[in-house]
Amino acid sequence: MALDKSEVEKIAQLARLHISEADTDEVASRITDILALIDQMQSVNTEMVEPMAHPLDVTQRLRVDTATEKDRRDELQTLAPAAQDGLYLVPKVIE
Amino acid sequence: MIEKTAAELSQALSSGELSSTELTQSYLDRISRHNRKLNAFITVCEESALEQAKAADEKRATGDKSPLLGIPLAHKDIFCTKGVITSCGSHMLENFVAPYDATVVEKFKTAGAVMLGKTNMDEFAMGSSNETSFFGPVKNPWDLKRVPGGSSGGSAAAVAADLCVMATGTDTGGSIRQPAAFCGITGLKPSYGRVSRWGMIAFASSLDQAGTLSKSAEDAALMTNVMAGIDSKDSTSIDRPAEDYTATLNDSLDGLRIGIPKQHFAEGLSAEVEQAVREALKEYEQLGANITEVDLPNNHLSVSAYYVVAPAEASANLSRYDGVRYGHRCENPIDLEDMYKRTRSEGFGDEVKRRILVGTYALSAGYYDAYYRKAQKIRRLIKNDFIKAFEQVDVIVGPTSPHTAFGLGSKTDPVAMYLEDIYTIAVNLAGLPGISIPAGFANGLPIGMHIVGKDFGEGKLLNVAHQFQQQTDWHKRKPNFEPAD
């Protein structure tokens, strides 16, 4: 199926990506090509097939619910573009 | 000595005729001479490599005979390394220094291997040519105008050009095996879950697997011995007893049942690649193997299903890059929304953005059943094809790639690039182990042969690859990319 401009804008918004007006047509056409490739799988009847989430059908291993990690907040926050007093700083959200 | 395998160098180190310090220095010299041409390394760790080499020499002196002790290797820049930048080939993580080592990195440290540096790769491992790297493409040492393959192209080129003994890689749809084929080396993707993914930057979590790029199957066995095993930090790693993959290398292939999938010898395969693989099969017959045709009727759907599963998982995994906790942040955002959008649009390259958009679309309201769930059902059909084929045969053999390395800049259409992985992708969807080994040349470019095993059949794959390498010397051929002095 062919994607139009408004659909590209909608997906870009969901993905929090900015696509410039000039690039929208090109992006729409590339993604339309990829969806055409993907749509080949629609020709196969899979009604009775069980979906496979894991190649070995293994289920998630569980562990005891206890904290095992040490507090490394200060160390990890040195990676942040902006942090102060143990908090991550972002642009003002509420006026 | 720089052209030798890890197994050979290990002996030289053990007997004392060579020190890790000398060896490490030789590779560092070679990297400084040739990396500008090849662009295989993003980061070179000269100082720490020499420190690790010295420590390895001291350990050797006390009688430590660990096989990889003092062997210089490179890690793909997707593995987190404490204190050393891990960029994942992206502007987003250009200056990211991980606060911890990936389990794979830690295991090689414990084994005493020396880390020379971090290798170039397609951005977030999304690509089959290394051209999506923020740091520019890697050049194929066999022809500098051609791609090395991807996404582990830097690792493959570095091993092929003797800039290191061996390197780690990751394989989501062929990212170890295809560059190994294009660069004329050995590349093993183990079964899904055999090696811990902890600290390996996530692309598509149900497909990603760490593996090896090396000069021989024997070296791949030595590396897998170090890497494999359960990890409490990766809940998808599989709890299986440790194996010594070197122990079965010399098993006889008499009576081995090889399946060749008719779908892998069909339209689209170049004549010279087909011929090389068929010649290689004759070699196996000489070794006592029996060859039969097998059917993988759903193989043609693998690329379609993959381009739902991988982008969908990538769009979720890459949502973490928001400019808040680490990585790139745009300048002077006017509000939070603007910060997210500009940070991500500046930080990601075109191919990564394209896949995030495809994945977001496939997972958006109303489309989940038609895309992600449908692709998971196709995955089941593909796995069932393999299960059925493996009732008749022990391994499946075919070409790794439809042709030899293509020219830099020659494939601009994303869909054409995606079809590059037509023989390798199904193996990731089914979670099976696969290896590519050199099987010939066409016009001076290496040809890769692909061998696929049963779940956790790494030992058998390495045995089958090693026996071929005892009879042939394709894997010993070296590229001549050095200008005459």
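Chain letters run A, B, ... following the sequence lines, proteins first, then strands; residues in each count from 1. Being a predicted model, the structure only gives us computed values, none of them experimental.
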Quick check: does any side chain N or O of [X] sit under 3.5 Å from a backbone N or O of [Y], one acting as donor and the other as acceptor?
X	Y	result
B/Lys377	A/Met52	no
A/Arg61	B/Ser237	yes
B/Arg329	A/Val90	no
B/Arg380	A/Glu50	yes

If I measure from the heavy atoms of chain A, does [X] come under 4.5 Å with its side chain, its backbone, both, or neither?
X	answer
B/Ala375	both
B/Arg342	neither
B/Leu301	side chain
B/Ser206	both
B/Leu363	neither
B/Tyr321	neither
B/Asp413	both
B/Asn332	neither
B/Tyr306	neither

Between [options], the one whose heavy-atom pairs under 4.5 Å with chain B are most numerous:
options	answer
A/Ile19, A/Val58, A/Ile38	A/Ile38
A/Met41, A/Lys10, A/Lys92, A/Gln60	A/Met41
A/Ile34, A/Leu14, A/Asp33	A/Ile34

Could you grab the distance from atom [atom1] of [X] to atom [atom2] of [Y], nearest 0.5 Å is fine?
X	Y	atom1	atom2	result
A/Thr68	B/Lys233	OG1	NZ	9.5 Å
A/Gln40	B/Ser302	CD	OG	10.0 Å
B/Ser315	A/Ile11	OG	CD1	10.5 Å

What part of [X] gets closer than 4.5 Å to chain B, counting heavy atoms only: side chain, backbone, both or neither?
X	answer
A/Leu56	side chain
A/Glu69	neither
A/Arg72	side chain
A/Leu62	neither
A/Val93	side chain
A/Gln77	neither
A/Glu75	side chain

Side-chain heavy atoms of [X] within contact of [Y], under 4.5 Å:
X	Y	answer
B/Tyr361	A/Leu35	yes
B/Val324	A/Leu89	no
A/Asp39	B/Ser304	no
A/Leu17	B/Tyr340	no
B/Tyr192	A/His54	yes
B/Arg325	A/Leu76	no

How far apart are the closest heavy atoms of [X] and [Y], and which atoms are they?
X	Y	result
B/Leu429	A/Pro55	O-CB, 4.4 Å
A/Ala15	B/Leu357	CB-CD2, 4.5 Å
B/Val97	A/Leu79	O-CD2, 3.1 Å

Is atom NZ of B/Lys411 surrounded by more than 12 heavy atoms (other residues, nucleotides or ligands) closer than 6.0 Å? yes

Top contributor to chain A interface from [options] [non-hydrogen pairs under 4.5 Å]:
options	value
B/Lys353, B/Lys374, B/Lys383	B/Lys374
B/Leu381, B/Ile382, B/Asp338, B/Asn384	B/Leu381
B/Tyr372, B/Tyr100, B/Tyr307	B/Tyr307

Quick test of your reading of the model: are A/Arg16 and B/Glu337 salt-bridged, counting only N-O distances below 4.0 Å? yes

